[in-house]
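Okay, structure first, notes after.
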Amino acid sequence: MNVDFEQAAEEFIQKIMKEHYLNGSGLKDTLEILPIYEVYGWIFERPTVTKALKRQDEEGRYVATFAADGYLDASVKELTEKVTNATTQATVEWQGEEIPYRRASVVIANEPDAGKRRDLESRVQARTEEMNPDRLERMQKLHGQAKDLGFGSYLQMYDQLKELHLDWLLGRMRELLDRTEDIFDAELDHHLDAIGMQKEDATPADTAYLFRAPQFDSLFPAEKLVESLKKTLSGMGIDLDSQKNVRLDTDSRPLKSPRAFCAPVVVPDEIYLVIAPRGGQDDYKAILHEAGHAEHFGHVLPDLPFAFKRLGDDAVSESFAFLMDNLLKNHRWFAEVMDTHGIDDYLRLTRFHKLWMTRRYAAKLNYEKLLHTASDIGAARNDYAQILRRILKINISDVNFLSDVDDGLYAAGYIRAWIFEVMLRKHLEDYFGALWFLNRGAGELLVEMWKDGQKYPVDVLAHRLHYERLDAEPLIQELAR
Ligand SMILES: [Zn+2]
């Protein structure tokens with residue numbers, strides 16, 4: 001592997017990120033990715049990838065994962081584009097109007113009438129079904145390419161390259177599922193009852209409505225969004241206004257993405273935090289989460305090798321993002337930063353949401369193990385519905401058996417991040433107290449960790465915080481209490 005490759009790879013990511021920033025912030029109405037592939041496509045060609053896969057050192061492993069991942073992506077880019085365009089262009093007929101397929105989930109979550117929610121849900125599912133043949137072909141190709149690179153399966157390729165320790169992770173998730181079973185049952189009944197439903201006939205449309213929870217919107221006003229972020233960061237000694245490299249984009253533009261996002265274009269010199277403030281708990285959660293990513297990338301040492309600045313363990317940056325958005329489960333944060341009290345009902349719902357998400361991802365990981373080793377992908381369809389129904393206890397259709405799967409076993413990255421985030425948060429509480437988020441020492445500790453980019457996987461970071469190893473016990477205890 002030579003400097004040219006790494007330089008080209010870094011430029012490639014910067015150009016792709018810049019396109020996503022320009023498009024997502026509404027500064028440009030198209031996303032032009034293919035011309036970038038034309039210039040940099042050679043970095044994902046077979047000889048380059050084969051050479052990368054021979055590297056054994058940590059830095060080399062990250063580069064190899066990037067190259068192999070890019071090789072798989074490149075082989076399905078036409079199908080990816082076809083599926084993406086289909087989801088962007090599809091519409092669903094709803095109450096005499098054609099609404100965008102992608103917007104339907106928002107309409108479902110805001111629909112108080114259960115019958116109407118279900119009706120729209122089934123119309124969406126009919127569209128999803130039409131896209132399944134292309135998704136199936138795409139997944140088959142990805143599986144084939146992983147084997148072609150010499151791995152036993154797609155699952156084994158990512159498990160090995162990303163060092164996910166899947167067997168260990170699945171074992172810990174089995175224990176999490178067992179120990180949270182009773183509380184999950186009780187809380188699900190409680191929350192469904194509040195919207196007049198029972199789990200025997202509830203579907204994901206109903207839980208989407210449940211978690212939308214408009215009754216709490218007044219706790220999260222749009223005009224306090226940016227101020228609360230700045231106040232949170234300044235509590236840790238970080239002055240967002242004086243950070244030249246972390247650029248807050250709050251301008252209003254017609255085509256701007258409604259959801260906050262972070263675009264690390266040049267790490268650490270050009271990081272965008274893009275927001276279109278509209279208020280509500282989702283908006284607050286998104287801004288805190290994305291600010292976690294932005295501060296992490298914005299503090300990376302500029303002279304680190306590219307592999308440590310941009311590649312590495314996905315769970316690292318996600319942990320910092322979760323640490324920030326978890327402040328919304330902390331009544332002390334509400335009291336100190338928002339000057340809001342008496343929010344027990346909100347906290348109960350948001351903590352249940354975390355339990356729901358953790359169990360959902362545990363279910364997804366169990367399913368993906370079957371999917372990514374199956375000789376007949378179509379046959380895994382049944383497993384999807386069975387596993388998710390058993391773990392989430394509501395009626396889940398099998399139609400999303402491919403659309404509910406992220407590439408490269410990203411689900412495992414989220415689970416590893418949830419595990420490490422609790423360990424990191426406990427560490428901050430032990431050293432800096434319950435109000436750690438108002439403590440400059442806590443901020444300094446985080447900045448020290450951020451400097452390393454994603455050089456160390458969360459397993460090593462746990463060790464550096466004086467834990468013996470990455471341990472799911474704190475997460476399980478928090479969710480089971
Ligand atoms: Zn994230």
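Just follow the structure's listing: the first ligand is 1, and inside any ligand the first atom is 1.
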Which class fits the ring pair H191 and F352: parallel under 30°, tilted 30 to 60°, perpendicular over 60°?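 H191 and F352: parallel rings.
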Ring-plane angle category for F297 and H293, please: parallel below 30°, perpendicular beyond 60°, tilted otherwise.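 F297 and H293: parallel rings.
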Using 2.8 Å as the threshold, say whether any N, O or S atom from E290 sits that close to the Zn ion (ligand 1).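 Of the N, O and S atoms in E290, none lies under 2.8 Å from the Zn ion (ligand 1), which means no.
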Using only N, O or S atoms, tell me which atom of H289 is closest to the Zn ion (ligand 1).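 Minimum-distance N/O/S atom of H289 relative to the Zn ion (ligand 1) is NE2.
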Distance alone, cut at 3.5 Å: any donor-acceptor contact between the side chains of R135 and S403?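 There is no such pair between these side chains.
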Using distance alone, with no hydrogens and no angle criterion, decide if S317 and Q454 have a side-chain donor and acceptor under 3.5 Å apart.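 The criterion, which ignores hydrogens and geometry beyond distance, is not satisfied for Q454 and S317.
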Using the Zn ion (ligand 1) as the vertex, how large is the angle between OE1 of E318 and NE2 of H293, rounded to 10 degrees?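 The two atoms form an angle at the metal of about 100°.
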